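Single-structure report; data block below.
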Amino acid sequence: MDNIKLIECPRDAMQGIKTFIPTQEKVQYIQSLLRCGFDTIDVGSFVSPKAIPQMADTKEVLAQLDLSSTKSKLLAIVANLRGAQDAVTHPEIDYLGYPFSISENFQMRNTHKTIHESVELLKEILALATKNNKEVVAYLSMGFGNPYGDPWNVEIVGKWTEKLSQMGVKILSLSDTVGTSDAKSITYLFSNLIPQYPEIEFGAHLHTTPTSWYEKVHAAYQAGCKRFDGAIQGFGGCPMAKDELTGNMPTEKLVSYFTSQKADTNVKMGSFEASYNEALKVFMK
């Protein structure tokens, strides 16, 4: 039986909501997720409050979480060295997530840095994480193409995978930032990269429309991927996606799919149902 790592992403679901979700509601929701058995919870981010106001209270949320009875690890997104330095001071955090785009346009929009500057920053973040007993999850954003006309092909993805591997990245999540992937591209990338880089744990951060989720998950799994990001009900997703139906991969679809494949996600269904209901309260106001 395959063991599947599911990463639940409340941060990704919340960050685009303009109305501020009270800190206590975030804590209550994330606390419910911690009871589900997810491998990791993408809990918040250490970025400028001006850039993402919804995540301004990440420190306060972390301080109020009870981690005494969970095995789930916590991940926080960082976009610069200052954010990484802040994040590593929190013992609750296990992973620093850094969005590294192979699209020059998107890297500038997302982090206000060129790809070259992002390489140098990621080196600093990796060194900082190692010094503080944290791990880095690098997100290869725009990993399946981009809407800006920037060069993209599987050779470019392979080149950057090689570069990040040499820098010491051990967890690399291929990110379908605006829903551009299809089964063919997913199959090709994962089936080529996974055997080529056995030292890297590859993940899939896929955005999808309601009708295309199955083919994407199935393609990634059949190609050897065993780490998947999701958000309950598919809430959130990249605000730059042109299709308003494109959102995060719905976690309930992932759970259903891997149950049908007789793979073990470690998700406790009773707790998951409670979190699902909690999500409706948070996101469907």
Side-chain angles (χ1 to χ4, degrees), residues 2-9 12 38-42 72-79 84 87 93-103 106-107 111 115-116 118-145 152-177 181 185-207 216-230 249 254 258 263-266:
D2 285 334
N3 291 311
I4 303 298
K5 291 183 179 181
L6 291 188
I7 288 75
E8 178 63 24
C9 303
D12 204 353
F38 294 116
D39 180 82
T40 303
I41 310 288
D42 178 353
S72 296
K73 304 176 186 69
L74 298 186
L75 178 149
I77 297 293
V78 299
I93 293 174
D94 301 282
Y95 298 111
L96 306 184
Y98 181 71
F100 180 88
S101 181
I102 56 175
S103 158
F106 188 71
Q107 193 66 50
T111 63
I115 291 178
H116 175 74
S118 294
V119 167
E120 297 308 308
L121 172 59
L122 182 53
K123 288 178 182 177
E124 292 182 280
I125 291 173
L126 284 161
L128 186 66
T130 299
K131 184 178 177 181
N132 290 275
N133 297 313
K134 313 288 188 189
E135 291 187 74
V136 172
V137 177
Y139 292 89
L140 202 68
S141 59
M142 296 292 172
F144 297 90
W152 178 89
N153 55 48
V154 292
E155 287 74 24
I156 290 173
V157 178
K159 179 192 82 170
W160 282 111
T161 301
E162 174 71 22
K163 175 74 172 177
L164 297 181
S165 173
Q166 291 172 349
M167 288 164 56
V169 169
K170 298 296 184 187
I171 307 174
L172 183 61
S173 189
L174 302 187
S175 299
D176 179 17
T177 315
S181 73
S185 61
I186 290 170
T187 298
Y188 193 85
L189 283 178
F190 282 115
S191 62
N192 277 279
L193 294 175
I194 290 173
Q196 194 172 348
Y197 297 97
E199 72 279 10
I200 292 179
E201 178 183 339
F202 285 93
H205 185 98
L206 302 173
H207 291 180
K216 295 188 178 193
V217 174
H218 187 65
Y221 179 53
Q222 293 299 315
C225 182
K226 293 183 175 63
R227 178 188 176 96
F228 290 81
D229 290 13
M249 178 62 67
L254 290 171
F258 289 115
D264 186 10
T265 63
N266 200 44

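Just so it is clear, the model here is predicted, and its values are computed rather than measured. All residue numbers refer to positions in the sequence shown, counting from 1.
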**OP:** Any chance you could lay out the side-chain contact (heavy atoms from CB on, under 4.5 Å) test for Asp39 and Asn266, step after step, and finish with the verdict?
**Re:** CA-CA 8 Å; Asp39 180 82; Asn266 200 44; over 6 Å; no
**OP:** Decide yes or no on side-chain contact (heavy atoms from CB on, under 4.5 Å) for Ile186 and Leu206, but give the supporting numbers first.
**Re:** CA-CA 10 Å; Ile186 290 170; Leu206 302 173; 4.2 Å; yes
Subject >> Leu193 vs Leu174, side-chain contact (heavy atoms from CB on, under 4.5 Å): CA-CA, chis, key distance, verdict >> reply: CA-CA 11 Å; Leu193 294 175; Leu174 302 187; 4.1 Å; yes
**OP:** Go through the steps for Val169 and Leu122 under the test side-chain contact (heavy atoms from CB on, under 4.5 Å), then give the verdict.
**Re:** CA-CA 9 Å; Val169 169; Leu122 182 53; 4.2 Å; yes
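Ser72 places a side-chain N or O within 3.5 Å of a backbone atom of Phe38 that can act as its donor or acceptor partner. At least one donor-acceptor pair closer than 3.5 Å links the side chain of Asn153 to the backbone N or O of Glu155. Between the side chain of Ser191 and the backbone N or O of Thr187 there is at least one donor-acceptor pair closer than 3.5 Å.
Once rounded to the nearest 0.5 Å, the distance linking OH of Tyr197 with CG of Leu164 reads 9.5 Å. Put simply, OG on Ser175 and NE2 on His207 are 7.0 Å apart, with the number rounded to the nearest 0.5 Å. Here the NZ-CD1 distance, from Lys163 to Ile115, works out to 12.0 Å after rounding to the nearest 0.5 Å.
By the 4.5 Å heavy-atom criterion applied to side chains, Lys5 and Ile171 are not counted as neighbours. Side-chain contact between Leu140 and Val157 is present, with heavy atoms from C-beta onward closer than 4.5 Å. Between Thr111 and Phe100, the closest side-chain pair of non-hydrogen atoms is not below 4.5 Å. No side-chain heavy atom of Met249 sits under 4.5 Å from any side-chain heavy atom of Asp176. Between Ile7 and Arg227 there is a side-chain heavy-atom pair separated by less than 4.5 Å. The shortest side-chain heavy-atom distance between Leu172 and Thr161 falls under the 4.5 Å cut-off. The closest side-chain heavy-atom distance from Tyr95 to Lys73 is below 4.5 Å.
Taking the six-membered ring for Trp and thresholds of 30 and 60 degrees, Phe190 and Phe144 have ring planes inclined between 30 and 60 degrees apart.
In this structure, Gly143 and Ile102 approach most closely via the heavy-atom pair CA-CD1, 4.3 Å. Of all the heavy atoms in Ile194 and Cys225, the pair that sits closest is CD1-N, 3.5 Å. The two residues Gly168 and Leu126 have their closest heavy-atom pair at O-CD2, 4.2 Å. When all heavy atoms of Val78 and Ala87 are compared, the closest pair comes out as CG1-CB, 4.0 Å. The shortest heavy-atom contact between Gly230 and Leu254 is CA-CD1, 4.0 Å. Residues Lys134 and Ile93 approach most closely at NZ-O, 2.7 Å, considering heavy atoms.
A salt bridge links Glu120 with Lys123: at least one charged nitrogen is closer than 4.0 Å to a carboxylate oxygen.
Two rings, from Tyr221 and Phe228, have their centers 6.0 Å or more apart.
For the side chain to side chain contact (heavy atoms under 4.5 Å, CB included) criterion with Tyr98, the lone passing option out of Val137, Leu121, Ile77 is Leu121.
The salt bridge (Lys or Arg N to Asp or Glu O under 4.0 Å) check on Lys226 picks up nothing, with sequence neighbours excluded.
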